[in-house]
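Everything below concerns the one structure shown next.
As a basis for the values below, the full set of heavy atoms in this structure was taken, side chains included, without hydrogen atoms, waters or symmetry mates. One-based numbering, in listed order, for ligands and for the atoms of each. Quick caveat, the model's predicted, so the values are computed rather than measured. Counting from 1, the numbers follow the sequence of the chain as shown.
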Amino acid sequence: MAKKVLKFGGTSVGTIERIQHVAKIVKKEHDAGNKVIVVVSAMAGKTNELIKFSKKISNDFNKRELDVLLSSGEQVTSALLAGALIEKNIKSKSWLNWQIPILTEGEHSNARIVNMNISKINKFLEEGVAIIPGFQGISKNGEIMTIGRGGSDATAVAIAKLFNADSCEIYTDVDGVYSTDPNKIPLAKKIEKISYDEMLELSTLGAKVMQSSAVQTAMIYDIPLEVKSTFTNRKGTKIFNQQNIDYTKSVTGVAYSKDDAKITLIGVEDKPGVAANIFEPLNQAQINVDMVIQNVSSDQKTTDITFTIKREDLLKTKKILENNKNIVYKNITHNDKVSKISIVGAGMVSTPGVTYKMFRGLADNKINILAISTSEIKLSVIIDEENTLNAVKKLHTIFDLD
Ligand code: ADP
Ligand code: ASP
Ligand code: MG
């Protein structure tokens, strides 16, 4: 008998038929004698629909009310699933975040779970299945909070940690983590097992199959995860701490995202303190700068600085740069039709030539690199958005992932 956390994503609970199918999976686990806690997302598309509704009222919709609104999607699916289990003669109950409570800290839309009262649910698990809506919690002031898009994954991992669960299974619409998005690149290959570090890089860089903060928590507390399909019985992907793995490939996966924008300041003075003057007000405005390139100045007097930020921060960033008297430059340009393509692999550490191979591959396909950033196990480039899928496909082939 094990204590299991099962998380079902939006597509898995997207219709009543699918919720009934999920109830069958849960019943099987319960009948096998396991203690089961289920975390559910909202029906696929629901959260986006609710965001659209709020935007019809205001582009700057009240943040408190937005969290009240968005958390409703998961309330619907948790009640429907509990009801479906009760119909199958299984004792089941849904709890809303404030009924447990699931305590969060941080800002609206981006809070994080810090604690949870596990006693009543633990007691209930003796006889029944507990259903918990993902993506939400309550602040110490009693406000409803959401924890970031895709946040039901983070709810599942937090629950696995707090309940000291034996396993945490992420049921979704693909049967595991692939070398790249299998819905976009059909040649993508399923990865049988992957380390936390690699999964964290992949999800941070755009592979939305797992939410990055969920992977981070799993890594910190060493909670093994399994990503598997709600719709097939195929074996999924195991995510865990792998240290002595024999990496036969330098690259494990290719990820991409279209969330960035690039800004270039032309003709910036080339002297100490200038970069600090530029990035200080951005930091104060909580604008995250990702990649930075500073050109060598040809005249020793002025230089150009290029950097990338989240696309949603573009207007705010430009305003700061245009209005701050300490930031002096000749011209400012921006490009928000860019994408970030990343190769990720723990094997990169011990394989020389990966950087060259990536750049050569892109060049041979006439894809221009606009910015670069690296870490020990990843290499990211910014390119024109129109080349995204072509670049992913080519890199996937070049690094033997097809
Ligand atoms: P859920 O609603 O179950 O949380 P998501 O839509 O958040 O599901 O994540 C699953 C999707 O992630 C897949 O349908 C797939 O298109 C996408 N995806 C992106 N990169 C990958 C990858 N490397 N492996 C598997 N799926 C990926
Ligand atoms: N429903 C939320 C979202 O769409 C949370 C989740 O699905 O994990 O972001
Ligand atoms: Mg998800």
- Passes salt bridge (Lys or Arg N to Asp or Glu O under 4.0 Å), E385 versus K337? Steps please. CA-CA 5 Å; E385 193 181 295; K337 300 277 179 303; over 6 Å; no
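Under 4.0 Å from ligand 1, the heavy atoms of N183 that appear belong solely to its side chain. Contacts between V174 and ligand 1 below 4.0 angstrom, taking non-hydrogen atoms only, involve the side chain exclusively. Only backbone heavy atoms of T180 (N, CA, C or O) come within less than 4.0 Å of ligand 1; its side chain stays farther off. With a 4.0 Å heavy-atom cut-off, ligand 2 is reached by the side chain of E74 but not by its N, CA, C or O.
Look at D259 and K340 and you find no salt bridge, because none of the NZ, NE, NH1 or NH2 atoms lies under 4.0 Å from a carboxylate O. Comment: R360 engages D364 in a salt bridge, judged by a side-chain N to carboxylate O separation of less than 4.0 angstrom. A salt bridge between K35 and E126 is present, with a side-chain N of the basic residue lying under 4.0 Å from a carboxylate O of the acidic one. One finds a salt bridge joining E49 and K46 here, because a Lys/Arg side-chain nitrogen approaches an Asp/Glu carboxylate oxygen to under 4.0 Å. Salt bridge annotation for K4-D166: absent, with no cationic side-chain nitrogen under 4.0 angstrom from a carboxylate oxygen.
Partners of L162 by side chain to side chain contact (heavy atoms under 4.5 Å, CB included), not counting sequence neighbours, listed by chain and number: N115, M116, I118. The ring-ring contact (aromatic ring centres under 6.0 Å, His included) search around Y171 returns F8, not counting sequence neighbours.
In terms of protein heavy-atom proximity, atom 23 (N) of ligand 1 is closest to Y178 O, 2.9 Å. Among protein heavy atoms, atom 4 (O) of ligand 1 sits closest to K7 NZ, 3.1 Å. Atom 11 (C) of ligand 1 has D173 OD1, 3.9 Å as its closest protein atom, hydrogens excluded (heavy atom only). T172 OG1, 2.6 Å is the protein heavy atom nearest to atom 3 (O) of ligand 1. Scanning the protein for heavy atoms near atom 21 (C) of ligand 1, the closest one is D181 CA, 3.7 Å. From the protein, the heavy atom lying nearest to atom 27 (C) of ligand 1 is V209 CB, 3.6 Å. Atom 7 (O) of ligand 2 has S41 OG, 3.2 Å as its closest protein atom, hydrogens excluded (heavy atom only). Here the heavy atom of the protein found nearest to atom 5 (P) of ligand 1 is K208 CE, 3.9 Å.
In this structure, G150 is part of the shell of residues with a heavy atom less than 4.0 angstrom from ligand 2. Residue contact annotation: P182 has a non-hydrogen atom under 4.0 Å from ligand 1. Look at G151 and you'll find a heavy atom under 4.0 Å from some atom of ligand 2.
Of the possible donor and acceptor atoms, none in the side chain of T252 sits under 3.5 Å from a partner among the backbone N and O of G345. A donor-acceptor pair under 3.5 Å is absent between the side-chain atoms of R64 and the main chain of E143, judged by distance alone.
Ligand 1 has an N or O atom lying under 3.5 Å from an N or O atom of G10, backbone or side chain. In terms of N/O distances under 3.5 Å, ligand 1 is not approached by S179. Residue contacts with ligand 1: S41 is placed with no nitrogen or oxygen under 3.5 Å of a nitrogen or oxygen of the ligand (distance criterion only).
The environment of NZ in K140 is sparse: at most 12 heavy-atom neighbours from other residues, nucleotides or ligands sit within 6.0 Å.
Across every non-hydrogen atom of A160 and C168, the tightest pair is CB-CB, 3.9 Å.
Per-residue contacts place V177 under 4.0 angstrom from the following atoms of ligand 1 (heavy atoms of the residue considered): 24 (N). Those atoms of ligand 2 that come under 4.0 Å of a heavy atom in R149, given as number and element, are 3 (C), 4 (O), 9 (O).
For the residues S152, G176, G206, S203, the heavy atom positioned nearest atom 25 (C) of ligand 1 is part of G176.
The closest side-chain donor-acceptor pair between T303 and N295, if any, does not fall under 3.5 angstrom.
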